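This report concerns only the one structure given below.
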Amino acid sequence: MSIAAQSDPTPSSATDIILSVNNIEVIYDHVILVLKGVSLDVPKGGIVALLGANGAGKTTTLKAISNLLHSERGEVTKGAIVFEGQEVQNLSPNQLVKRGCVQVMEGRHCFGHLTVEENLLTGAFTRRDGKAAIKADIERIYDYFPRLKERRDAVAGYTSGGEQQMCAIGRAMMARPKMILLDEPSMGLAPQIVEEIFGIVQSLNEKEGVSFLLAEQNTNMALKFARYGYILENGRVVMDGDARSLAENEDVKEFYLGIAEGKRKSFREGKHYKRRKRWLA
Amino acid sequence: MRAPSEKDVAAGDVLLAVEDVSLSFGGIKAIRDVSFDIRKGEIRAIIGPNGAGKTSMLNVINGFYTPQQGRIRFKGKTRSKMRPYDAARGGIARTFQNVALFRGMTALDNIMAGRTLKMHRGLFWQMLRFGPALREEVEHRRAVEEIIDFLHIEHIRKTPVGRLPYGLQKRVELGRALAMEPDLLLLDEPMAGMNLEEKEDMSRFVLDVNQHFGTTIALIEHDMGVVMDLSDRVVVLEYGRKIADGTPDEVKKDQGVIDAYLGVAH
Amino acid sequence: MFYREAGQYKTSYAADQALFPILQDRIGIAAILLIAFVVVPLFASDFLLNSFLIPILVLSLAAIGLNLLTGYTGLLSLGTGGFMGVGAFACYKLTSIFPDANIVLLIVVSGVASAAVGSVFGLPSLRIKGFYLAVATLAAQFFLSWCFIRIPWLYNYNVSAAIEVPTRTAFGIPVTGPNATSVTRYLVALSIVVAMTWVASNIVRGRIGRTWMAVRDMDIAAELIGIRLYRTKLLAFAISSFYCGVAGAMLAFLWLGAAESESFNINQSFLILFMVIIGGLGSIMGSFFGAMLIWGLPIVLRAAPEFFGVTVRAATVEHLQFMVVGALIIFFLIVEPHGLARLWQIAKQKLRVWPFPY
Amino acid sequence: RAEAQESIFVPLLTYRTGPFAGSGIPIANGMHDYLAMLNERDGGIGGVKLVIEECETGYNNAKGVECYEAVKSKKPVVVNPYSTGITLAIIPKAAVDKIPILSMAYGLSASAVGNEFPWIFNPPATYWDGLSMMFRYIGGKEGGLDKLKGKTIGYIYFDGGYGLEPIPLLEQFAKDYGFTVKKYPVPPAEMQNQSGLWLNVRRDRPDWMIMWGWGAMNPTAVKEAAKINYPMDKFIGIWWSGGDDDARPAGADAKGYLTLNFNGVGTNYPAIQDIVKTVVDKGKSQTPKDKIGENLYNRGVYNSVLIAEAIRNAQKITGKKVVTGEDVRRGFESLKISAARWKELGLPEFGAPIEAVSCTDHNGHHAAYMQQWDGTKWVKVSDWIVPMKEKVRPLLEAAAKDYVTKNQPWPKRTEPCDKST
Amino acid sequence: MDILYKILIDPFLQMGQAPDLFVQTLWEGLVAGVLYSLIALGFVLIFKASGVFNFAQGIMMVFAALTLVGLHAKGVPAFLALALTVVVMLVLAIGIERLVLRPLVNQPDIILFMATFGLTYFLIGLGEVIFGGEPKTMITDALYLPRGSYEWKAFGGFVAFQKIDIAAVIIASVMVAGLAVFFQKTRIGRALRAVADSHKAALSVGISLEQIWVIVWFTAGIVALATGIMWGARSDVSFALQILALKALPVLILGGFTSIPGAIVGGVIIGVGEKVGEFYWGPLLGSGIESWLAYVIALVFLLFRPQGLFGERIIERI
Ligand SMILES: Nc1ncnc2c1ncn2[C@@H]1O[C@H](COP(=O)(O)OP(=O)(O)OP(=O)(O)O)[C@@H](O)[C@H]1O
Ligand SMILES: Nc1ncnc2c1ncn2[C@@H]1O[C@H](COP(=O)(O)OP(=O)(O)OP(=O)(O)O)[C@@H](O)[C@H]1O
Ligand SMILES: [Mg+2]
Ligand SMILES: [Mg+2]
């Protein structure tokens, strides 16, 4: 509440903003209003986290950005999305990928009938820089995810959940994007791998200057690696701020980080199904 | 719901034992010679890196995969081959890693479907939806409403589950499993993709199911906080092999487990 | 604002599970039934009855049958025509063996033959899925079509391999054949369809319906919660074919008055499938919408030029009609892929929040 | 609404779409153009304009019945279903609705029995007549029907009501003359895929082949016959297998192929010239000019001549100008088209004289002739061949009786017979 | 006993007694099979690339053939007409993508299947409006397709090989081989398979569905044209040809919906099975069993391999 009222400490000039979402509204099926005016900015070379409970609209926001909404009978009815200074609402997803904005979808949408390696290759569909470069990139991804190398010839549909997740992230990286929209990258991954993945995110960000917009439930991790965060509730941004200040906010601590009175709560002690506290009435 | 007591297996006895099970797909050895047991009334966690064979293990337990080698002993009866139907009959229910709800049906219908095995009225009465069939329907609806209350999903009762957010889908799935009134509940990453608050809720449900109904639970989860807090014993798999088995504290300190799975943070 | 459920509280689970829990819906249905049973017979012309209403009733019933199989259980069937044919020929045989039996009863009973045949062709459904299963039903379609010609016993050794519907009565009133008035035939068809629709909606709302939908949505999970796939699928085949069989018997006996193998060919199967898809898979109500659209639209289109006083050649009308129907099918699918039933629901939803947009 | 009363409504059920459109279109054109010509040239029949309306059936029974219902309310003087299936479906209705049905040389053969089917007419000949005429022709070539003993006759047919109909008589002939019959049914979905069947023909080597084909089945069969080197002059089709488009795709390979026909071909008739002048040239028809005079086009003309003459006859009998369906039924029952009348109509020698249609005989069992494909067109190769009425009629009577018993209660004929005019 | 003899022994005796007929039957089966395969190939292309079961393949074949013949009848030289027809098919593919597929992206298979039905209706109407419903004769000579046949005197009889059939077999084999290579080995090929798996995921990695669809529908259009020419030459070019497209179904199912080589192998099995069955066993059942035999053959195979001979494994995993 207090933080929500503060003025935005968003980056200063418009030029170093790679993606900016202005007050968008999204409706599914012509009747279900899901986003009720969401605005956010991602600075060039930044990592921004999008936090919020289930059903808050994180995925919807990401899909609105990458233009995958209309295939689910949803549409952006208001507002604007600007990527690298140009409005992109009317671009097709593939034009957006060509411009360097790729989404990794929630729930590991691998191509089930293709092998892991073929999955990675399709990720490079929009690239025109020749076979050798693609080959090199595949090796790079195998370096990041050695498990994938072992399973390179396995049909993706039969690989384990975690393997599919890695495959999906690797596939997005194959497009050599400027910006990746990551939806729940940690879901279903072993703790070690989660750290690895965030590590990869960080190194991609630092070494290759890729910007990230990260929808994540694992607030702990997300706030550790992101520089800025937005909290979504019920289709609205209820709070935003840089990662450190969010992590220190009492409410965030209690509801998203599981720290009460300075120490970690045990899951055994969870109170009985408390109703979620709302920032907005 | 069902009374917690059970005649054939007493609390603390071995409810299910996995004996020397091996499973492979073509060249892939998903499970190699794994044995462990689950005792009546406990929460048993199965952890391990991705692709270690945890889900496959659950699939073996409830008969979806037939292991090439080894046996499963459940409630004292040993079998090497079991059909999913028999497992369900015998009292094994589960939830799935990638939510496997009936997407076109409402939450209520999904949970009602969990009671199929308990409903017996034939086609004739179903056609008329009258007399015994209606009575049966109402009776089971009452049981299902209890589950709905328990899981706090009253508001989405009539929503087709395909449209629900992920967390609620997982809850409905748990509801469907509970509706079967199982003796053994297999949970495959019930908390993946949830935020902390929801994990707390879900933990509460798991504990309540375990404590109040005495349901034995096998739990796969990657959130170590949850695993360590909830489970009584933990078995760790890696590359299809069992690498550790013991109480959470023991497992946490096991160097092999730390190397293979936990990494530095924990 | 008029269509609101607010204020209508359900006090028992039975009431909550009723077919039409909302009062306005109940009134609506009562009105439709009243019109169908009383007003239409009083005012409708022969053409309207014979070429519009009776066919729609017959086709709706077949569509419901297919919907039970394809929409509810997720088993794609292209053998509907064949199963309808079994019903028609069975009814013909029955009525030649028992000429004095109540024909309405025979029409309904002939569904049993169809159910039996349907179950046989459902046998491969455990192993074969999706479009692949369609081949089993296609085999049924072509094999049955062939039987309808090659087994002369079925049509009483008639030289033209056709069945001609004789005059048959129920309760002393001629119901079939040339002496039955259109109104009688219409009322009989309507009664059968209403009764069977009610039964179908009971089935799909109960345990059996749930097991069907479970198998449709995720058969593996269904198996793991203790649903026996094979039985469930076979039952779906049997009941679905039963409905199709009755519809087939009605087609021959209450609508066309004659039938031959070609009346139940593959095109008939496709036609019914379209009705189901356009109407809405997994919706009983949708089956009616689908039948109305697919059967009714061409009739309306054909009448349209005359209505506007334009003379267009019959063949041109037909060609244009093909184009328009094709375009409209695509149009409706784009507007609402889940069929007219869903469109109807959305309309109701909008009505509920009216005058606000959402 | 004076105009409405001063006209006669003649609906034409036609099919210009669907898999049988190839045969349906020329017939529809011929039927339409002749009637239109009467309107243009003579101002209708007996001074009353004809209102001609086509209803498209697509050769589909359900649509045909719908067409019947649609035209019924407009008081048609005759319904012309143009499909055996549709005819079967509306036969029982006709008596109730009091509308005469003209199923010209198709439909239910048994409906020739006027006592049982007062409202149905199928002149000039039934399928059984057709078959018997083919046998007369074969007998002529073989030097007597008794020479058929020990030979094999192949019968390739559309596997449906239409193709099944001649089989009883064929089997009767087989018994009478001592030959064997080999049957080759063509399933409706396989009309264009007959190579397997024709291999059977090649193995069985029948001495003669008889075909009951329709639509796309015909050209395919002719091509396949040529492919297996079957002698074309031993291959005889029924009149529905003798369209120009049936033989043309095989071209020279089809040379020698025979079919029955009961109408003249070509444009060399004054009435056809009138059609060209008053209808086609004026753009009042859909017929391409080069298709006029083709066999099936002229078949359509023949059909309309029957309609027109029945109407004219009805006007004569009743003295009314605007006749009704019931009047036209009487017109049909005493229909006579002598050779002289054919000439008067501007169609000399166009058809065999129609002289035997009567109250009891709704068919007349008239003659047809054999035509042969010369590589580019049809040529008449025989005189009028008379059917074996004595063989056909008893079968018809039996079939009619059978129909009536199976469809009990069947209404007794109540319509009185007119004295022949 | 007699019936057993007729079923189990007699047909084989016949094969031995008249080997020329047996070889001829095999040849006819092969040719029919290859022609079925051509139709099936059109289905496979589209199914592979978009998961769409394209019911309109049959009418596309008719439409292509009609366009070719129609243009020729208007006085366009045969090969120019052929080129123009290819352009028409391209326009058709673009139109279909714009108006039908694009708005229906990511819908369930059955819905797209239904949409292709709408398309079928539309094309029937359009075709009849433009070309009329009369059958036309294929312009075999103008296209320099061979006529007549080779007769091979052998086995005390003869085996006739129609030159047009030989041409059909060659053309079909070349097309199948070319397409198989194109779709297995190229970037586009992989993208196609990806699209078939999941529209959504394909979109997210930047595959342009529009472009992919135009490519496959256009390719399918060309295949349809080839098929139309071949079938048209065998009988005539009419709307009735469309029914034949159904024969591609058992072929597809036998070969597996997604396999290009499967289409050809399936076609040959079905073609040969059907002709041999009809020829040797058909008469026992009163002939005309071809109408369902193909489906039963496919069904028997399916019971052993539910995904068809070459189809991708059905992934069942939870
Ligand atoms: N295709 C759809 N049709 C209708 N409603 C939808 C659809 N997709 C999502 N919704 C609704 O929109 C809301 C927001 O969903 P969204 O998936 O964006 O949430 P989320 O924040 O990503 O949640 P989670 O953490 O569970 O992934 C939910 O209430 C959901 O029910
Ligand atoms: N049906 C199958 N066919 C082929 N391989 C399979 C099949 N099921 C599982 N596997 C393989 O077996 C291994 C174990 O898979 P499993 O799903 O059990 O892993 P997991 O421990 O559940 O991993 P995660 O934590 O990522 O879900 C994986 O490598 C997977 O690819
Ligand atoms: Mg989400
Ligand atoms: Mg798993």
Side-chain angles (χ1 to χ4, degrees), chain A residues 62-63 66-74 92-115 117-128 131 134 155-161 164 167-168 170-177 180-181 183, chain E residues 44 47-52 97-98 101-109 111-112 183-215 256-260 262 307-308 310-318:
Chain A
L62 295 195
K63 283 192 181 148
S66 58
N67 263 320
L68 292 172
L69 266 186
H70 83 269
S71 69
E72 298 191 7
R73 309 194 75 70
S92 68
N94 102 293
Q95 285 167 314
L96 211 61
V97 173
K98 271 192 200 147
R99 291 191 186 192
C101 176
V102 185
Q103 173 165 12
V104 178
M105 280 195 288
E106 163 184 56
R108 27 189 112 106
H109 284 267
C110 287
F111 301 117
H113 288 102
L114 270 58
T115 63
E117 183 148 323
E118 283 174 322
N119 263 283
L120 296 179
L121 283 169
T122 48
F125 183 78
T126 49
R127 279 171 59 178
R128 304 274 165 191
K131 281 213 167 115
I134 290 174
V155 175
Y158 283 118
T159 56
S160 86
Q164 291 184 18
C167 179
R171 191 177 64 189
M173 286 162 54
M174 287 299 293
R176 284 211 164 256
I180 297 184
L181 310 169
D183 201 350
Chain E
V44 168
F47 189 84
K48 231 173 140 61
S50 46
V52 178
E97 191 278 318
R98 275 288 140 80
L101 298 173
R102 198 181 292 182
L104 283 174
V105 74
N106 200 29
Q107 295 302 337
D109 298 349
I111 299 301
L112 286 157
F183 284 98
Q184 281 299 326
K185 301 283 177 221
T186 61
R187 187 178 75 106
I188 299 276
R190 209 163 37 237
L192 280 166
R193 284 155 58 211
V195 172
D197 242 9
S198 160
H199 291 178
K200 231 198 273 186
L203 277 174
S204 82
V205 300
I207 294 173
S208 158
L209 293 187
E210 286 96 27
Q211 186 195 344
I212 293 287
W213 281 340
V214 170
I215 293 175
F257 272 110
T258 45
S259 164
I260 289 173
Q307 72 276 32
F310 295 85
E312 276 162 355
R313 275 172 81 181
I314 299 167
I315 292 185
E316 283 198 341
R317 221 205 115 149
I318 42 175

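Given the structure is predicted, the values throughout are model-derived calculations rather than measurements. What's counted below: heavy atoms across the whole structure, side chains too, no hydrogens, waters or symmetry copies. Numbered from 1 within each chain, the chains take letters A, B, ... in sequence-line order.
E:Ser208 places none of its side-chain heavy atoms less than 4.5 Å from the side chain of A:Gln95. E:Arg193 is not listed as a side-chain neighbour of A:His113, based on a closest heavy-atom distance of 4.5 Å or more.
Per-residue heavy-atom pair counts under 4.5 Å with chain E were compared for A:Arg128, A:Lys98, A:Lys63, and the maximum is reached by A:Arg128.
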CA sep, side-chain torsions, deciding dist, call: E:Ser204, A:Val102, side chain to side chain contact (heavy atoms under 4.5 Å, CB included): CA-CA 7 Å; E:Ser204 82; A:Val102 185; 6.0 Å; no
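One finds the CD atom of A:Gln103 at 10.0 Å from the NZ atom of E:Lys200 (value rounded to the nearest 0.5 Å). Distance check: A:Thr122 OG1 to E:Ile207 CD1 gives 5.5 Å after rounding to the nearest 0.5 Å. Here the straight-line distance linking atom CG of E:Asp197 with atom CG of A:Leu114 works out to 6.0 Å at 0.5 Å rounding.
For the pair E:Arg187 and A:Phe125, the cation sits on the ring face: its NZ or CZ lies under 6.0 Å from the ring centre, inside 45° of the axis.
Of all the heavy atoms in E:Ala201 and A:Phe111, the pair that sits closest is CB-CE2, 3.6 Å. When all heavy atoms of A:Leu121 and E:Arg190 are compared, the pair lying nearest together is CB-NE, 3.4 Å. In plain terms, the two heavy atoms of A:His109 and E:Ser198 that are nearest each other are ND1-OG, 4.4 Å. Contact detail for E:Gly206 and A:Thr126: the closest heavy-atom pair is O-CG2, 3.2 Å.
Legend: residues meeting side chain to side chain contact (heavy atoms under 4.5 Å, CB included) with E:Ile215, ordered by chain and number and at least two apart, are E:Ile188, E:Gln211, E:Thr219. Considering only residues two or more places apart in sequence or on other chains, E:Val44 meets the side chain to side chain contact (heavy atoms under 4.5 Å, CB included) condition with E:Lys48, E:Leu252, E:Ile260, E:Ala263.
Contact annotation for A:Ser66: neither backbone nor side-chain heavy atoms come within less than 4.5 Å of a heavy atom of chain E.
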